[in-house]
Amino acid sequence: MTDSPVLLIVEDNARNLKLARDVLAHVGYGTLEARTAEDGIALARSQRPDMILMDIQLPGMDGLEALAELRADPATAPIPVVAFTAFAMKDDRERFLAAGFHGYLEKPLNVREFPGQVADLLASANAEAQT
Ligand code: MN
């Protein structure tokens, strides 16, 4: 019996944060929350979540800067980070993947599809980590 994966949600919009947290908790994931990239990075360092859902547009440091900082720290570099974004045009998606995001999730999130999308992203991140 292994523990449930823990997901860190970094999102400044209270409604988006609550919805993501509630859906993930409902299907059995552990959740951590931050409203800024700075707080998210601190939580990632102290709690080592299994995956991070990272908003791009944040007050202060943005999601792309946060990704770079997480990657630069050996303690957080292995944690897969998924862009959690409202503006996922094709160019944006390619830009996020090129920047090192493991994938992306679009907002507004689809409550029915979200748990499966997260499970797929966790599974593919684990598969990559083992090769
Ligand atoms: Mn935002």
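Both counts, for ligands and for their atoms, begin at 1 and track the order of listing. Every heavy atom of this structure was used, including side-chain atoms; hydrogens, water molecules and symmetry mates were not.
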| request: Keeping the roles fixed (side chain from Ser4, backbone from Gly28), state whether a donor-acceptor pair exists under 3.5 Å. | output: yes
| field | Atoms named by residue and atom, protein N, O or S, within reach of the Mn ion (ligand 1) (under 2.8 Å) | value | Asp12 OD1, Asp55 OD2, Gln57 O
| Hey, mind stepping through Glu69 and Arg45 against salt bridge (charged side-chain N to carboxylate O under 4.0 Å, His left out) and telling me if it holds? | CA-CA 11 Å; Glu69 186 154 330; Arg45 287 185 174 135; 3.6 Å; yes
| Donor-acceptor pair, side chain of Asp50 and main chain of Val6, under 3.5 angstrom | yes
| Ion pair present between Glu33 and Arg21, side-chain N to carboxylate O less than 4.0 angstrom? | yes
| Quick one: does Gln47's side chain have a donor or acceptor within less than 3.5 Å of a partner on Ala44's backbone? | no
Side-chain donor/acceptor pairs under 3.5 Å, residues 108-117, sequence neighbours excluded:
{"residue": "Asn110", "atom": "OD1", "partner": "Arg112", "partner atom": "N", "Å": "2.9"}
{"residue": "Asn110", "atom": "OD1", "partner": "Glu113", "partner atom": "N", "Å": "3.0"}

